Amino acid sequence: MAATLSFGSKTCTGALKGKTANVVSLASSKKSFVTKAVKRPMTMTEKILANHSNNGVVTPGDNIWTRVDKLLTHDVCGPGTFGIFQKEFGPNAQVWDNEGVIIIPDHYIFTTDPRANRNVDIMRDMAQKYNIKYFYDIVDRSNFRANPNYKGVCHVAMAQEGHCKPGEVLFGTDSHTCNAGAFGQFATGVGNTDAGFILGTGKLLVKVPPTMRFTMDGEMPHYLQAKDLILQIIGEIGVAGATYKAMEFIGSAIEKMNMDERMTICNMVVEAGGKNGVVPPDQTTFDYVKARSDKPFEPVYSDPGAKFIAEYRWDVSKLEPVVAAPHSPDNRKLARECKDVKIDRVYIGSCTGGKTEDFLTAAKLFHKAQRQVKVPTYLVPATQKVWGDVYSLPVPGCDGKTAAEIFEAAGCVTPAAPSCAACLGGPKDTFARMNEPLVCVSTTNRNFPGRMGHKEGQVYLASPYTAAASALKGYVCDPREYL
Amino acid sequence: SRVITGKCFVTKDNIDTDQIIPAEYLTLVPSKPDEYEKLGSYALIGLPDDLYKTRFVKDGKMKTDYPIIIGGQNFGCGSSREHAPVAIGAAGGRVVVAESYARIFFRNCMSTGELYPCETELRLCDILKTDSEVTVDMDKNILTDHSNGKVYDLKPIGEAGPVVDAGGIFEYARKHGMIKTA
């Protein structure tokens, strides 16, 4: 049964370039005035949403229809999302923009689980049926390098493939879609039904969030990383401290960070309950984006005088490496105060802590220490590109050695095929899955019971430096011991 | 109906999506009917065994004895996986009564129409006990504990109510003439 959607009195005819019209002019929930609305100063999150709606100005709390630039999905939620799209819009419907849907298999790839494998096949069928331009396929699971299009972890791939742009609106069927906010865009996670709705219409009804602003000033100590900052923040405000709110990150420490580090911060916004995270785009952002895409974009910034619902400020030079102890991302402790916690393994990977910067810095610590790890240390580069960097880039200040060489010398497990792997447990045969009650220090994003597999597993969330130091010590360890 | 009577299953704060439906079961695709049923059998299987001696879905069964879940703060935190409210609904859960919700879970309850995400200002999770017979009345906005007759206030379900009544956003949109079916 085909369906068209119309809100308001007009039905739009004629397709926009490359876009189909299953739906159409969706009137805003408030009457829009023809005369110029009085512009109130807005935060960048408010402005991005205003720019994408029929409202010239929005206020936190407003329910608005926003146009969507991009929808991201993967192997776990993609089949369900397309299933809903087909059921609701009919077998003859087309997706709203076949260049706006990005399908990135990444969650359960290197497994013998037949349903997991089937889900990747389903995504291939959908990509073909709907002429989806960006589908990063994998067919030969025995050798990821035999699949030139396969990328790996979706959020990192989105950035590396040039799909993240300042000022845009991105929804993804994954909670860590907020990762892309590092590029100064509105990016957040939704479920299959909302995503199915976007597939057909290119729009979504959302409530405008108020913004909490976090100013991170001062010089970053050499042993501190972006992960320490976001764990500090989550420990401060709690796992529901930012629920329904946007988190904006500014300050000299943020400005000096590269895109990988900014992504680490925005990635974990959801762990504080946040709706989205943003970093104002600057030259660092533009250089990164322009090196990967020549499509135009329009950066957006908070107005002077914009209202923030809360303000926090830290002098990062006074901060120390922290961990989130079991079983909550807000269970913040100083790494040095956990030095008596004996560990069984270390895991370096995921969208949060498996990027190039994460591996280069972990390698730097290993190289400086010049000794071997005391526990199995699992390394999972997030994407093919990160894997390549691990094997080819000389780690700064390490005698020309690559991260892979340093990891081998330190006795780490050989870097594995890029995917989400054990961050969320997954099928039982997933690489590095915790199948027994063990203690693990991990650069991942969540440590609720059972997160990495076993219900009694204990996961300490940490920065790459802290993870590497802990691997060398065999205990949770402050990286200052080796740096 | 907005009046639901049955046994309640009590949980505490920060019940995250990995406890509601562990990641290993996410290979099941909710839009496929047989896999939808299977998802239900795994609802809340991730709850730690030492804290939750009673299982939400008993071993070997596909459905729950508990149409009502009681929660604390931040119910449904963690992942955006729609499988979470879907698993609870597929098992026969009808309503969650919690102090507060994580936003994606709240949205998913509504969009799928699987669960009423009801809120209360009280720590019902500290007051009620699993297996107590209760009635959740979302017309009168009260919860009645039939073991002692005590009545507790609920916050009005608000705009989420009609959407869940209809069976989700698409059904709601069709019912209200927002979608024309060809």
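Sequence lines set the chain letters: A, B, ... in the order given, protein chains first and strands last, and positions in each chain run from 1. Because only heavy atoms are used, hydrogens play no part in the values below, and waters and symmetry mates are left out as well, while side chains stay in. What you see is a predicted model, and the numbers here were worked out from it, not measured in a lab.
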So, taking the atom named [atom1] in [X] and the one named [atom2] in [Y], what distance separates them when rounded to the nearest 0.5 Å?
X       : Y       : atom1 : atom2 : value
T173(A) : R81(B)  : OG1   : CZ    : 11.5 Å
T188(A) : R103(B) : OG1   : CZ    : 4.0 Å
E24(B)  : R433(A) : CD    : CZ    : 4.5 Å
L204(A) : I169(B) : CG    : CD1   : 7.5 Å
F85(A)  : F170(B) : CZ    : CZ    : 9.5 Å
K207(A) : R107(B) : NZ    : CZ    : 10.5 Å

Polar side-chain atom of [X] near backbone of [Y] as donor-acceptor pair, under 3.5 Å:
X       : Y       : value
D194(A) : S111(B) : no
K455(A) : I45(B)  : yes
E82(B)  : T193(A) : yes
Y108(A) : A23(B)  : yes
N108(B) : G191(A) : yes
R115(A) : Y25(B)  : no

- Checking heavy atoms, do the side chain of N192(A), its backbone, both or neither come under 4.5 Å from chain B?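 Answer is both: backbone and side chain atoms of N192(A) are under 4.5 Å from chain B.
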- Contact origin within V206(A) toward chain B - heavy atom pairs under 4.5 Å: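 Both the backbone and the side chain of V206(A) come within 4.5 Å of chain B.
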- Message: Before you tell me yes or no, could you show the steps for R118(A) and V29(B) under side-chain contact (heavy atoms from CB on, under 4.5 Å), namely the whole-Å CA-CA distance, both residues' side-chain angles and the distance that decides it to 0.1 Å?
- Response: CA-CA 10 Å; R118(A) 169 207 66 177; V29(B) 175; 3.3 Å; yes
May I ask you to name which of [options] has the most heavy-atom pairs under 4.5 Å with chain B?
options                   : value
R451(A), K275(A), E456(A) : K275(A)
T430(A), V239(A), T243(A) : V239(A)
G238(A), G172(A), G189(A) : G189(A)

Using a cut-off of 6.0 Å, state whether more than 12 heavy atoms not belonging to [X] lie near its atom [atom1].
X       : atom1 : value
E121(B) : CD    : no
K140(B) : NZ    : no
K38(B)  : NZ    : no

- Item | pair S79(B)-R446(A): side-chain heavy atoms closer than 4.5 Å |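 In short, these two side chains touch, coming nearer than 4.5 Å.
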Which atoms of [X] are under 4.5 Å from chain A, going by heavy atoms: the side chain, the backbone, both sets, or neither?
X       : answer
I15(B)  : neither
P22(B)  : neither
Q73(B)  : neither
I104(B) : side chain
L28(B)  : both

- Message: Using the rule given for side-chain contact (heavy atoms from CB on, under 4.5 Å), can you reason through D16(B) versus H327(A), listing the C-alpha separation, both sets of side-chain angles and the distance that settles it, and then say yes or no?
- Response: CA-CA 11 Å; D16(B) 79 293; H327(A) 296 277; over 6 Å; no
- Item | Residues from residues 420-427 of chain A approaching chain B under 4.5 Å (heavy atoms) |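 The list, in residue order, reads L424(A), G426(A), P427(A).
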- Query: Which is it for Y244(A) and Y101(B) under the ring pair (Phe, Tyr, Trp, His ring centres under 6.0 Å) test, yes or no, and what are the steps along the way?
  - Reply: CA-CA 10 Å; Y244(A) 282 100; Y101(B) 294 89; 9.8 Å; no
- Message: Just so I understand: if I count every heavy-atom pair under 4.5 Å between each of C77(B), P48(B), S31(B), G78(B) and chain A, which residue has the most?
- Response: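 Option with the greatest count: G78(B).
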